[in-house]
Amino acid sequence: MIALGCDQAGYELKQVIMKHLEERGLEYKDYGSYDAEPVDYPVYGKKVAHAIVDGECDKGILICGTGIGISIAANKIKGIRAAVCSDCFSAEATRLHNDANILAFGARVIGAGLAVKIVDTFLDTEFSGVERHQRRVDMIEEA
């Protein structure tokens with residue numbers, strides 16, 4: 001199950017991502033926001049983060065204007081490794097090397113076509129499990 005969250009800037013792009021996940025047959029849960037009215041992005045970043053650490057969802061996708069603020073909010077929750085990605089290489093690398101469990105991006109930074117490709121790359125890439133990468137993930141978790 002994939003947790004989704006956004007602020008008003010990410011609302012339209014979240015709709016595109018939800019449709020894409022449905023087309024792929026992937027289950028998701030929408031944690032808001034549910035329209036384009038102004039909201040505070042930390043609320044939704046933390047809702048998605050808690051869904052993951054509480055075991056309700058396996059991975060998350062967060063969208064705000066830049067992806068930065070909402071990822072910072074999510075990363076405040078122990079056990080979360082949210083990465084802002086604006087390209088497929090970064091999405092693949094953060095899964096392979098960092099075992100990131102939340103993808104964040106900015107609706108004002110990338111378009112819908114690229115966003116869908118980044119989502120697919122993130123969701124389809126497994127953590128490498130290579131010892132040096134696991135050691136570093138463990139170090140992050142100890143902080």
Side-chain angles (χ1 to χ4, degrees), residues 1-34 36 39-143:
M1 177 85 67
I2 301 159
L4 299 175
C6 70
D7 68 0
Q8 72 278 357
Y11 176 74
E12 283 187 36
L13 187 52
K14 185 180 71 171
Q15 304 312 302
V16 171
I17 299 304
M18 289 190 305
K19 182 179 179 198
H20 179 69
L21 295 175
E22 290 167 6
E23 290 170 354
R24 285 193 57 180
L26 298 174
E27 293 184 18
Y28 65 85
K29 184 169 182 184
D30 184 1
Y31 288 87
S33 78
Y34 303 110
V39 294
D40 297 319
Y41 60 79
V43 170
Y44 302 97
K46 289 180 180 181
K47 282 184 179 186
V48 167
H50 282 293
I52 292 168
V53 297
D54 294 344
E56 295 171 27
C57 296
D58 304 309
K59 292 188 178 98
I61 299 171
L62 293 171
I63 311 166
C64 68
T66 63
I68 297 168
I70 204 163
S71 70
I72 291 171
N75 277 321
K76 290 290 188 180
I77 307 305
K78 185 167 178 53
I80 293 301
R81 292 172 305 282
V84 179
C85 298
S86 298
D87 59 83
C88 292
F89 175 79
S90 297
E92 180 180 35
T94 200
R95 287 290 305 131
L96 285 171
H97 297 187
N98 312 120
D99 197 17
N101 47 18
I102 295 180
L103 168 66
F105 49 81
R108 296 178 180 145
V109 177
I110 61 173
L114 180 55
V116 165
K117 290 178 184 176
I118 292 169
V119 165
D120 285 346
T121 301
F122 183 83
L123 295 177
D124 295 342
T125 303
E126 295 295 325
F127 178 52
S128 70
V130 172
E131 188 275 329
R132 72 179 184 275
H133 297 308
Q134 184 61 61
R135 181 178 69 246
R136 293 168 186 158
V137 169
D138 292 343
M139 292 171 77
I140 292 168
E141 291 303 308
E142 291 171 7

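Just the heavy atoms: all of them, side chains too, but no hydrogens, waters or symmetry mates, feed the values below. Just so we're clear, the structure is a prediction, and the values are computed from it rather than from any experiment.
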Treating D54 as the side-chain partner and E56 as the backbone partner, does any N or O pair qualify as donor plus acceptor under 3.5 Å? no
Among L62, I102, I63, exactly one meets side-chain contact (heavy atoms from CB on, under 4.5 Å) together with I70. Which residue is that? L62
Going through the distances and angles, do I72 and N75 end up as a side-chain contact (heavy atoms from CB on, under 4.5 Å)? CA-CA 5 Å; I72 291 171; N75 277 321; 5.8 Å; no
Tell me if the CZ atom of R24 is crowded by more than 12 foreign heavy atoms within 6.0 Å. yes
What pair of heavy atoms forms the shortest contact from Y44 to Y31, and how long is it? CD2-O, 3.3 Å
Can you establish whether the number of heavy atoms outside E12 located under 6.0 Å from its atom CD is more than 12? no
Between V84 and T66 the two heavy atoms that sit nearest each other are CG1-O, 3.9 Å
With side-chain contact (heavy atoms from CB on, under 4.5 Å) as the test, would you mind laying out the steps for Q134 and V137 before giving the verdict? CA-CA 5 Å; Q134 184 61 61; V137 169; 4.3 Å; yes
Return the CZ to NE2 distance between F127 and H97, rounded to the nearest 0.5 Å. 9.0 Å
Please confirm whether the backbone N or O of K117 pairs with a side-chain atom of T121, one donor and one acceptor, at under 3.5 Å? yes
Main-chain N/O of G10 paired with D7 side-chain donor or acceptor, under 3.5 Å: yes
Straight-line distance of I17 CD1 to F105 CZ, nearest 0.5 Å: 4.0 Å
Would you compute the distance between atom CD1 of I118 and atom CG of L103 and round it to the nearest 0.5 angstrom? 7.0 Å
To the closest 0.5 Å, what do you measure between CE (M139) and CD (E142)? 7.0 Å
Inspect the surroundings of CD in E131 and state if more than 12 heavy atoms from other residues, nucleotides or ligands are less than 6.0 Å away. yes
Give a yes or no answer on whether the side chain of Q8 reaches the backbone of V39 with a donor-acceptor pair at less than 3.5 Å. yes
Could you give the distance from CD1 (I80) to CD1 (I140), rounded to the nearest 0.5 Å? 12.5 Å
Separation between CD of Q15 and SG of C6, rounded to the nearest 0.5 Å: 7.0 Å
Atom CZ of residue position F89 - does it have more than 12 heavy atoms of other residues, nucleotides or ligands inside 6.0 Å? no
Determine, step by step, whether H50 and I77 satisfy the side-chain contact (heavy atoms from CB on, under 4.5 Å) criterion, reporting the C-alpha distance in whole Å, the side-chain angles of both residues, the deciding distance to 0.1 Å, and the verdict. CA-CA 7 Å; H50 282 293; I77 307 305; 3.5 Å; yes
Walk me through whether L21 and L4 qualify under side-chain contact (heavy atoms from CB on, under 4.5 Å). CA-CA 11 Å; L21 295 175; L4 299 175; 4.1 Å; yes
Within the distance-only criterion (no hydrogens, no angle test), does the side chain of N101 pair as donor or acceptor with the backbone N or O of K59 below 3.5 angstrom? no
If we ignore hydrogens and angles and just use 3.5 Å, is the side chain of T94 paired with the main-chain N or O of A91 as donor and acceptor? no
Between R81 and D99 (side chain of the first, backbone of the second, donor and acceptor by atom type, cut-off under 3.5 Å), is there such a pair? yes
Is the side chain of D40 donor-acceptor paired with the backbone N or O of V43 at a distance under 3.5 Å, no angle test? no
More than 12 heavy atoms of other residues, nucleotides or ligands under 6.0 Å from OH of Y41: yes or no? no
Under 3.5 Å: donor-acceptor pair, side chain of K14, backbone of S33: yes
